[in-house]
Amino acid sequence: MARRAVLFDLGGVLFEPGLQHFLGNCEREWALPRNFLRDVLLAGGSQSPHSRAMSGQITLSQLLSEMDEGCRRQADSLGIAIPSGFSVARPFQDLQAQGRVNIRMLQAAGTLRRNGFRTCILTNNWVDDSSGRFLTAALLTRLRSHFDLVLESCRIGIAKPDPGIYSYALEALQAQPHEVIFLDDLGENLKPAREMGMATILFQDTESGLRELQELSGIQLLKEEELLPRPCTPSEVTHGYVSIRPGVRLHFVEMGQGPVICLCHGFPESWLSWRFQIPALASAGFRVIALEMKGYGESTAPPDISEYSQEQICKDPIPAFPIPQGIPQVVLVGHDWGGAVAWNVALFYPERLRAVASLNTPYRPADPDTDIMEKLASNPAFDYQFYFQEPGVAEAELGKDIGRTLRILIRSTSPEGHSRWDLLLLGGLLVGFPEDIPGSRLLPPPELEYYVQQFQKSGFRGPLNWYRNLRANWKWALSARNRKVGTNPDPNP
């Protein structure tokens, strides 16, 4: 019997502990009878506050209002007093604040998906209009990137254990009951699914749940794997171009809607360096624009060295940073040389930014007392930058075998670097590395192939020219040495 889809409950399976745990905690804290809150929540059967909230008839704030009245009636009927400090919202707030994603179950869902299974969250949930709704939105946004479908009862209008919700899920998955495995922590929710022909798992703890899921799916799940976000591919983003002046344009990709985050890569990279961050930020409610920086790939690569000074990079087009027209402000995030761009835009064109961040490139104000080249020469870590200064030398070495070059330069670990004099004596940056160097997790084969294609288009002259403006960049930065990133000169911002 071939199974090809798995349904996961949310509360109690993927997100723990469930609401019942927090209801019980509050009952004990307030010295209320056992199941006092649960009985109020479920009172009325199909017309209970819980049933109507799960089917989307009322929102969470309405549920809480009805529960508050119900608790007072229940207390009167039992002849007890509602304790001081009582709040019916408290267990729901604790659920949002203290509940945690079950990482091992999330990993299992990812493993199943990579092995061809369709995965779906099937949850009884309410429409959250409470003050903590951001936490609910953040949780669901995070989970949606890991599953093919997320089905909420409040959106469908039917709640578990109504058989109709299982029929809805089967249709959404385009699966037959015998092809589906369903995990839930409540037996009453599993019974109708089992009667329809699904394989069911009563989830009591992670270890036994994974063991049963492994047996039913035939996929190894008990070995823990590192959980990685899902990257995007070049075919999953929208490609565009922005003209920064006649004859010079930048290639960019974008995804998502909302406030704009602009991503700037470094050397020797591509917009694809942000492949993990692009879909994650888009899912979080942002319009993400990842630039292919000047000199790289499909962006124009002017031959003149001065084209790559920070002053020129940041002022294209006039009056500021090259951002597609119609976007007055962005959150600007850079890595490596992109980080330098981010800091300089923040210093010279602060009106264009809502916020700024940099990876691997800390902000360092220009030092007027020491020439930048002398300062770099005192630190062997920057010796490679001196090797890059003579036009044509590094281009020839790096362009000889682009795949090998990238496998050496973009990897998680590498042998200790040569000094500047070693580079000159040995004949280059890549000397001493094996000809057939193995790949790295940082640049798997499909991404490496794309990088190679992009560098075949642009070559290395443009990317290396960024390094040939070190003194020009320093002199320009000196003009802003008394400024601070993040300050607002307007007294009435």
Side-chain angles (χ1 to χ4, degrees), residues 264-269 273 293-296 304-314 332-348 356-399 405-406 408-433 440 442 460-486:
C264 302
H265 68 79
F267 174 90
E269 301 181 44
S273 301
M293 306 303 285
K294 184 192 285 187
Y296 288 82
D304 293 346
I305 291 175
S306 61
E307 285 281 347
Y308 301 87
S309 71
Q310 286 292 294
E311 182 176 9
Q312 185 65 48
I313 291 286
C314 293
L332 185 59
V333 182
H335 168 250
D336 190 65
W337 270 115
V341 172
W343 292 128
N344 282 318
V345 172
L347 283 174
F348 287 92
V356 64
S358 176
L359 305 175
N360 191 53
T361 318
Y363 173 62
R364 292 189 179 95
D367 181 358
D369 298 324
T370 307
D371 180 273
I372 185 63
M373 303 305 285
E374 295 178 8
K375 190 170 186 177
L376 291 176
S378 67
N379 188 339
F382 295 107
D383 284 346
Y384 71 95
Q385 298 192 17
F386 287 87
Y387 174 65
F388 289 166
Q389 295 305 305
E390 182 64 31
V393 176
E395 285 94 327
E397 181 187 17
L398 302 184
T405 294
L406 296 173
I408 291 173
L409 297 182
I410 304 178
R411 56 191 307 104
S412 55
T413 58
S414 62
E416 183 177 344
H418 305 301
S419 75
R420 182 176 66 193
W421 308 116
D422 287 336
L423 291 172
L424 297 177
L425 291 171
L426 294 174
L429 183 68
L430 310 180
V431 174
F433 289 91
S440 166
L442 292 181
F460 282 92
R461 181 177 176 86
L464 288 167
N465 278 345
W466 286 67
Y467 289 93
R468 294 166 182 158
N469 284 278
L470 298 175
R471 183 170 280 117
N473 294 343
W474 171 66
K475 291 180 178 179
W476 185 54
L478 286 176
S479 67
R481 64 182 181 274
N482 295 323
R483 303 181 191 179
K484 293 183 179 180
V485 173

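We count residues from 1, following the sequence as given.
- Counting only heavy atoms from C-beta outward, the side chains of Trp466 and Met293 approach each other to under 4.5 Å.
- Two residues are said to be in side-chain contact when any heavy atoms from C-beta on lie closer than 4.5 Å; Val356 and Val345 fail this criterion.
- In this structure Gln310 satisfies the side-chain hydrogen bond (donor to acceptor under 3.5 Å, both in side chains) test together with Asn344, sequence neighbours excluded.
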**Verdict with supporting geometry, Tyr467 and Tyr308, side-chain contact (heavy atoms from CB on, under 4.5 Å)** = CA-CA 8 Å; Tyr467 289 93; Tyr308 301 87; over 6 Å; no

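- Between the CG atom in Leu406 and the CD1 atom in Ile408 there is a gap of 9.5 Å [rounded to 0.5 Å].
- To the nearest 0.5 Å, atom CG of residue Leu429 and atom CG of residue Leu398 are 6.5 Å apart.
- In terms of modelled atom types and a separation under 3.5 Å, the side chain of Asp336 and the main chain of Gly338 share no donor-acceptor contact.
- Shown here for Glu307 and Ile313, the closest heavy-atom pair between the two residues is O-CD1, 4.0 Å.
- Interatomic distance, Leu409 CG to Phe433 CZ, rounded to the nearest 0.5 Å: 8.0 Å.
- Panel note: side chain Asn469, backbone Asn465; a donor-acceptor pair is recorded below 3.5 Å.
- Separating the CG atom in Asp369 from the CD atom in Glu374 is a distance of 11.5 Å, to the nearest 0.5 Å.
- The shortest heavy-atom contact between Ser273 and Glu269 is OG-OE1, 2.7 Å.
- Of all the heavy atoms in Leu332 and Cys264, the pair that sits closest is CD1-SG, 3.6 Å.
- Counting heavy atoms from C-beta outward, Ser440 and Ile410 have side chains that stay 4.5 Å or more apart.
- The distance between the ring centers of Phe388 and Phe267 falls below 6.0 angstrom.
- Among pairs with a residue in residues 464-481, those fulfilling salt bridge (charged side-chain N to carboxylate O under 4.0 Å, His left out) read Asp371-Arg471, Glu395-Arg468, at least two apart in sequence or across chains.
- Between the side chain of Glu397 and the main chain of Val393, no donor-acceptor pair closer than 3.5 Å is present.
- For the ring-ring contact (aromatic ring centres under 6.0 Å, His included) test, residues two or more places apart in sequence or in another chain that qualify with Trp343 are Tyr363.
- Inter-residue side-chain proximity for Met373 and Phe386 is flagged as met; some heavy-atom pair is nearer than 4.5 Å.
- Between Tyr296 and Gly266, the shortest heavy-atom contact is OH-O, 3.6 Å.
- When all heavy atoms of Pro463 and Gly295 are compared, the pair lying nearest together is CD-O, 3.2 Å.
- Side-chain contact between Phe348 and Ser479: present, with at least one pair of heavy atoms (C-beta onward) separated by less than 4.5 Å.
- Summarising the geometry, atom CH2 belonging to Trp476 is positioned 7.5 Å from atom OG belonging to Ser309; distances are rounded to the nearest 0.5 Å.
- Note: Lys375 NZ to Asp367 CG = 5.0 Å, rounded to the nearest 0.5 Å.
- Residues Phe460 and Pro268 come closest through the heavy atom pair CE2-CB, 4.4 Å.
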